[in-house]
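Note sheet for the following structure.
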Number of protein chains: 2
Amino acid sequence: MEKFFSLPVEKQNKIINAALKAFSSNGYKKASASDIAKNAGISKAMVFHYFGSKQNLYLYLVEFCGELFMNEIDAKLDKNVSDFFERIKLTTNIEISLMKRYPAIVSFLKSIFFENDADVKEGINAMLAKGENFRNRIALDGTDTSKFKDNIDIKLVMKMLTWIGEGYSIQLPGEGEIDYDALSKEMAECLDLLKNNFYKEEFI
Amino acid sequence: MEKFFSLPVEKQNKIINAALKAFSSNGYKKASASDIAKNAGISKAMVFHYFGSKQNLYLYLVEFCGELFMNEIDAKLDKNVSDFFERIKLTTNIEISLMKRYPAIVSFLKSIFFENDADVKEGINAMLAKGENFRNRIALDGTDTSKFKDNIDIKLVMKMLTWIGEGYSIQLPGEGEIDYDALSKEMAECLDLLKNNFYKEEFI
DNA sequence: AACACCATAAACCGATTCGGTCAAAGGCAT
DNA sequence: ATGCCTTTGACCGAATCGGTTTATGGTGTT
């Protein structure tokens with residue numbers, strides 16, 4: 001692994017992104033080292049030179065992405081923001097900023113949830129365990145829900161936002177690159193739209 | 001293929017569902033006949049006995065699902081419903097009713113959009129061409145958008161509904177089966193929530 | 001009981017791809 | 001020219017691929 005870390009960061013990221021994409025769209029078993037190498041623009045031999053084995057690479061990515069995600073939230077999520085939608089806006093923007101560097105990171109982190117291969121399951125569970133107490137920190141428990149109109153079912157709003165969250169993070173492979181800033185802006189507008197229409201008038 | 005059609009419908013559907021799941025989650029190339037056979041509870045030999053080749057099976061599914069989807073819309077979508085949200089509710093319920101019989105059909109139909117393997121690309125494009133003029137029929141062009149509050153950006157609402165649509169159709173592999181009726185109900189409540197808060201008061 | 005028929009699965013086929021290794025070829029500093 | 005380190009294409013045995021063949025057991029007919 002020292003071999004990998006002594007690479008220029010740009011090249012490291014290219015390899016990471018190739019691997020994230022392959023693993024998240026094909027799963028651990030069906031993603032092949034050749035796929036990853038081809039997408040990263042290196043030879044297959046280098047994948048093993050850098051990481052030793054496919055298993056090693058996968059487990060490294062689990063840890064790397066997990067830590068990165070949690071550190072980013074820790075560093076950037078202002079816990080003083082108690083407004084429901086503003087809090088979601090913040091976490092969304094953190095996710096999008098990560099996707100600028102690592103486009104497949106969100107779908108990879110989702111995919112590890114459903115990965116069942118014995119070779120990596122243990123490592124995944126270890127990471128998820130670390131993430132569990134963490135998730136309580138970004139949860140919306142502490143947020144202020146008193147601003148909602150009285151007749152609005154907040155659990156339903158949560159469910160809707162979950163669906164939106166699932167949906168927006170799916171990058172449509174529409175040829176060119178994704179405009180993450182536009183995506184962030186759209187998402188913010190979307191949340192404002194909901195806020196403006198779900199809150200009592202005095203809180204808008 | 002006559003061999004396949006002379007099977008009991010239940011068994012046919014089990015095979016179709018196994019194949020839809022394999023193809024939609026792994027793509028044409030990486031989905032293997034053994035995977036499909038295993039999930040369908042038959043031997044690999046039977047897959048070829050019924051369909052001749054993997055290519056044949058895939059193309060059959062493209063046609064079968066495409067036709068089924070379009071026929072279902074044609075039969076069940078009441079074009080007299082001009083209300084924006086009610087129209088979406090109808091199409092959503094049609095999708096969900098299809099997912100009861102074929103859980104992976106929606107994700108399969110999405111996946112063929114991004115399939116690029118030369119062996120099946122042609123057949124996919126033929127199907128998509130048939131679907132093109134069709135899509136105009138279910139489009140929301142004719143729906144009534146005058147009921148929205150004046151300050152609401154309808155394009156933004158559309159974008160949000162797209163995300164919700166992407167999100168809700170992802171079945172979370174949470175061990176047990178999915179409660180489609182509950183899903184349908186949640187989706188309807190969700191749309192009502194939006195309707196009640198996005199429309200001018202006189203239209204609620 | 002003998003037969004034909006056919007669905008089915010296991011064993012098998014050559015070809016490909018798998019994860020992983022290795023030797024040889026380059027670049028680069030000394 | 002020497003030594004070192006990255007990089008690659010060729011290579012390895014093993015696994016898996018799409019697809020076929022063979023053997024089996026059930027069914028219906030006579």
Side-chain angles (χ1 to χ4, degrees), chain A residues 1-16 18-62 115-123, chain B residues 1-16 18-62 115-123:
Chain A
M1 293 272 315
E2 328 88 41
K3 308 280 181 59
F4 175 70
F5 292 126
S6 63
L7 251 40
V9 180
E10 230 176 279
K11 196 168 184 178
Q12 284 186 36
N13 286 347
K14 193 169 179 188
I15 296 169
I16 287 174
L20 287 179
K21 185 179 170 188
F23 282 130
S24 62
S25 63
N26 293 118
Y28 173 71
K29 201 95 185 213
K30 300 228 173 200
S32 79
S34 336
D35 289 342
I36 295 167
K38 206 180 298 173
N39 279 332
I42 60 178
S43 74
K44 186 180 65 161
M46 296 313 291
V47 174
F48 294 97
H49 182 63
Y50 294 140
F51 298 100
S53 70
K54 190 171 95 165
Q55 185 192 27
N56 237 329
L57 167 55
Y58 189 90
L59 293 176
Y60 163 70
L61 289 175
V62 170
E115 179 62 60
N116 275 314
D117 194 287
D119 289 355
V120 294
K121 184 98 188 179
E122 222 177 305
Chain B
M1 292 273 314
E2 328 88 42
K3 309 280 181 60
F4 176 69
F5 292 126
S6 63
L7 253 39
V9 181
E10 230 176 277
K11 197 168 184 180
Q12 284 185 35
N13 284 348
K14 193 169 179 189
I15 296 169
I16 287 174
L20 288 178
K21 185 179 171 189
F23 282 130
S24 63
S25 63
N26 294 118
Y28 173 73
K29 201 91 184 218
K30 299 227 173 199
S32 78
S34 336
D35 290 341
I36 295 167
K38 206 180 300 172
N39 280 332
I42 59 177
S43 75
K44 185 180 64 158
M46 297 313 290
V47 174
F48 293 97
H49 182 62
Y50 295 140
F51 298 100
S53 70
K54 190 170 94 163
Q55 185 192 27
N56 237 330
L57 167 56
Y58 189 90
L59 294 176
Y60 163 71
L61 290 175
V62 170
E115 179 61 62
N116 275 314
D117 194 287
D119 288 355
V120 293
K121 184 99 189 181
E122 222 176 304

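Within every chain, numbering begins at 1; the chains are lettered A, B, ... in the order of the sequence lines, protein sequences first and strands thereafter. The figures that follow rest on heavy atoms only: side chains count, while hydrogens, waters and symmetry mates do not. Note that the structure is a prediction, hence the values are computed from the model and not measured.
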So which pairs with a foot in residues 29-44 of chain A pass salt bridge (Lys or Arg N to Asp or Glu O under 4.0 Å), sequence neighbours left out?
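Every pair satisfying salt bridge (Lys or Arg N to Asp or Glu O under 4.0 Å) with a residue in residues 29-44 of chain A: K29(A)-D117(A), K30(A)-D35(B), D35(A)-K30(B).
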Mind calculating the distance between CD1 (I15(A)) and C1' (dT6(D)) to the nearest angstrom?
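Atom CD1 in I15(A) sits about 12 Å away from atom C1' in dT6(D).
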Rounded to the nearest Å, what distance is computed from the CE atom of residue M1(A) to the C1' atom of nucleotide dT6(D)?
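My rounded result for the distance is 17 Å.
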Does S34(B) put a side-chain nitrogen or oxygen below 4.0 Å from OP1 or OP2 of dC17(D)?
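The answer is yes; a side-chain N or O of S34(B) sits under 4.0 Å from OP1 or OP2.
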Between Y50(A) and dT6(D), does any side-chain N or O lie under 4.0 Å from OP1 or OP2?
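So the side-chain polar atoms of Y50(A) never come under 4.0 Å of the phosphate oxygens OP1 or OP2 of dT6(D).
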Do [X] and [Y] have side chains that get closer than 4.5 Å, going by heavy atoms?
X: V120(B); Y: V62(B); result: no
X: Y50(B); Y: M1(B); result: no
X: K11(B); Y: I42(B); result: yes

Pull out every protein N or O sitting under 3.5 Å from an N or O of nucleotides 24-27 of chain D, one pair per line with the distance.
none

Between N39(A) and K21(A), do the side chains contain a donor N or O and an acceptor N or O under 3.5 Å apart?
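Not at all, the side chains of K21(A) and N39(A) share no donor-acceptor pair under 3.5 Å.
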Full working for side chain to side chain contact (heavy atoms under 4.5 Å, CB included) between Y58(B) and E115(B):
CA-CA 11 Å; Y58(B) 189 90; E115(B) 179 61 62; 3.6 Å; yes
Are any protein N/O atoms closer than 3.5 Å to N/O atoms in nucleotides 19-23 of chain D? If there are, list each pair with its distance.
unit_1: dG19(D); atom_1: OP2; unit_2: K54(B); atom_2: N; d: 2.7
unit_1: dG19(D); atom_1: N7; unit_2: K44(B); atom_2: NZ; d: 3.3
unit_1: dG19(D); atom_1: O6; unit_2: K44(B); atom_2: NZ; d: 2.3

Over all heavy atoms of both residues, which pair between [X] and [Y] is shortest? Give the atoms and the distance, please.
X: Q12(A); Y: L7(A); value: NE2-O, 3.0 Å
X: S43(B); Y: A37(B); value: C-CB, 3.7 Å
X: K121(A); Y: N116(A); value: NZ-OD1, 2.6 Å
X: L61(B); Y: A19(B); value: CD1-CB, 3.5 Å
X: A31(B); Y: A22(B); value: CB-O, 3.6 Å

For L57(A) and F48(A), run side chain to side chain contact (heavy atoms under 4.5 Å, CB included): C-alpha distance rounded to whole Å, both residues' side-chain angles, the deciding distance at 0.1 Å, then the answer.
CA-CA 9 Å; L57(A) 167 55; F48(A) 294 97; over 6 Å; no
Atom CG of D119(A) and atom CG of N56(A): how far apart are they, to the nearest 0.5 Å?
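Atom-to-atom, D119(A):CG and N56(A):CG are 11.5 Å apart.
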For DNA chain C, which nucleotides open and close the run of contacts to chain B, 5' to 3', at under 4.0 angstrom from a non-hydrogen atom?
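Both ends considered, the range comes out as dA7(C) to dA10(C).
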Using a 4.0 Å cut-off on heavy atoms, which residues in residues 2-14 of chain B reach DNA chain D? List them by number, or say none.
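Contacting residues: none.
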Using a 4.0 Å cut-off on heavy atoms, which residues in residues 24-32 of chain A reach DNA chain D? List them by number, or say none.
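Under 4.0 Å from DNA chain D: no residue of residues 24-32 of chain A.
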Would you call the rings of Y28(A) and F23(A) parallel, tilted or perpendicular, where under 30° means parallel and over 60° means perpendicular?
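Ring orientation of Y28(A) relative to F23(A): parallel.
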Begin from the C-alpha positions of F4(A) and I15(A) and carry the test side chain to side chain contact (heavy atoms under 4.5 Å, CB included) through to its verdict.
CA-CA 10 Å; F4(A) 175 70; I15(A) 296 169; 4.1 Å; yes
